[in-house]
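Each remark here refers to the structure printed beneath this line.
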Amino acid sequence: MRVQCALCDKIDNIPDFSTTAKKLRNKPIRTYLCDECNTRITENTEARIATGRFKLYRSSHTTEDQF
Ligand SMILES: [Zn+2]
């Protein structure tokens, strides 16, 4: 099964019977990320959690008051 990475447009060939292939059949194909981008996204997400930026989204009403 040929899949295209949503971020870098790299074409990967994954086994039809793999877990990833099964997941992609249930979801739009654009959600596929190659290993490289997947690692990058995971690192970015963890960095964001580490800096506490995710907390801003939860207290959005407080942010609105400031504007
Ligand atoms: Zn990629």
Side-chain angles (χ1 to χ4, degrees):
M1 172 179 187
R2 274 160 62 98
V3 287
Q4 190 173 27
C5 174
L7 286 186
C8 66
D9 289 344
K10 179 187 163 191
I11 306 279
D12 269 353
N13 220 328
I14 58 170
D16 280 348
F17 50 85
S18 69
T19 319
T20 311
K22 273 183 209 165
K23 276 185 200 164
L24 284 171
R25 279 197 200 99
N26 295 329
K27 289 180 189 175
I29 197 149
R30 63 175 179 272
T31 58
Y32 175 78
L33 294 179
C34 69
D35 284 345
E36 223 174 283
C37 292
N38 219 342
T39 308
R40 207 165 20 157
I41 293 287
T42 308
E43 279 170 5
N44 285 347
T45 307
E46 279 170 5
R48 245 179 287 165
I49 293 169
T51 55
R53 276 185 64 189
F54 271 136
K55 283 177 188 168
L56 288 175
Y57 293 109
R58 261 189 267 162
S59 56
S60 57
H61 55 279
T62 313
T63 313
E64 276 165 27
D65 287 345
Q66 289 169 355
F67 285 109

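Counting starts at 1 for both ligands and their atoms, following the listed order. Position 1 is the first residue of the sequence; numbering continues from there. Remember, it's a predicted structure, so these values are computed and weren't measured experimentally. Atoms considered below: every heavy atom in the structure, side chains included; atoms not considered: hydrogens, waters and symmetry mates.
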- line: Residues at least two apart in sequence or cross-chain that pass salt bridge (charged side-chain N to carboxylate O under 4.0 Å, His left out) with K23, listed by chain then number, are none
field: Pairwise distance CD(Q4) to CD1(I11) - rounded to 0.5 angstrom
entry: 4.0 Å
- prompt: Can you tell me how far the CG atom of D35 sits from the CZ atom of R40, to the nearest 0.5 Å?
  reply: 12.0 Å
message: Let me confirm one number: the CD1-SG distance from I14 to C34, rounded to the nearest 0.5 Å.
response: 12.0 Å
Approximate separation, where rounding is to 0.5 Å, of N38 CG and E43 CD: 10.5 Å
task: Output, by chain and residue number, all protein N/O/S atoms separated from the Zn ion (ligand 1) by less than 2.8 Å.
output: C5 SG, C8 SG, C34 SG, C37 SG
field: Contact summary for A21 and D16, nearest pair of heavy atoms
entry: CB-O, 3.4 Å
